[in-house]
Amino acid sequence: MWSAPFLLWKARRGWPLWDHNGNNRPHAVADRLAWPRRDFVRDCGMATPDLSDREQYIAYRRELRGVARWSRLAGFVLVVIAFALFVWPQSGGPWMLGPLRTETWGWIALVGGWLIWIAVIVRRTRYHKARLAEADEAGR
């Protein structure tokens with residue numbers, strides 16, 4: 001069952017707490033929190049990309065590269081840190097950092113960096129799909 005603060009949080013945003021049968025609707029909350037929402041793209045007044053025009057295609061690629069740029073950079077930094085943690089003991093550094101071996105910290109950083117990169121790929125794909133869905137809706 002949902003907690004009272006969560007239900008108040010939902011109610012303040014005007015979200016329906018139950019469907020017409022009186023059932024709780026947790027799946028509707030997940031749908032509303034999905035990023036990016038199509039109305040977000042529409043409300044920002046973004047023009048739909050014309051990918052057949054070379055200049056608009058280049059501008060759209062630049063726009064896609066800007067989505068989650070800082071997250072992508074954080075993932076890259078974690079992968080570089082992982083590489084440094086793998087090499088450091090081989091070049092005379094300590095074998096242990098805190099309670100774990102240096103190599104273990106490297107694996108943790110590597111997995112974290114790749115998880116961030118996968119999340120960025122998902123986020124950019126959702127953004128791209130929302131933009132193209134906006135183009136499909138405008139064409140109808």
Flag, side chain of T125 to backbone of I121, donor-acceptor distance under 3.5 Å: yes

Under a single-linkage definition using a 4.5 Å side-chain heavy-atom cutoff for Ile, Leu, Val, Met, Phe, Trp and Tyr, are L51 and Y127 assigned to the same hydrophobic cluster? yes

Is Y57 reachable from V67 through a run of I, L, V, M, F, W or Y residues, each pair having side-chain heavy atoms under 4.5 Å apart? yes

For the hydrophobic clusters of this structure (ILVMFWY residues joined by side-chain heavy atoms under 4.5 Å, transitively), does one cluster hold both L100 and W88? yes

Out of curiosity, does W107 fall in the hydrophobic cluster containing V80 (side-chain heavy atoms, cut-off under 4.5 Å, transitive links)? yes

Are V77 and W105 linked, directly or through other ILVMFWY residues, by side chains that come within less than 4.5 angstrom of each other? yes

I need the E63 CD to H128 NE2 distance, nearest 0.5 Å. 11.0 Å

Can you name the closest pair of heavy atoms from E103 and F86 and give their distance? O-CE2, 3.5 Å

Can you tell me how far apart CH2 (W95) and CD (Q90) are? Round to the nearest 0.5 Å. 4.5 Å

In this structure, CZ of R61 is separated from CG of L64 (nearest 0.5 Å) by 9.0 Å

Rounded at 0.5 Å granularity, tell me how far CZ in R124 sits from CZ in R69. 10.0 Å

Could you tell me which non-hydrogen atom of R72 sits nearest to which non-hydrogen atom of R65, and how far apart they are? NH1-O, 3.1 Å

Least distance between heavy atoms, S71 atom then I116 atom: O-CG2, 3.0 Å

Would L78 and L110 satisfy side chain to side chain contact (heavy atoms under 4.5 Å, CB included), going step by step from the backbone distance to the final call? CA-CA 6 Å; L78 274 177; L110 186 67; over 6 Å; no

For A109 versus I81, what's the shortest heavy-atom pair and its separation? CB-CG2, 4.5 Å

Is the backbone N or O of P94 less than 3.5 Å from a side-chain atom of T102, with the two atoms forming a donor-acceptor pair by type? yes

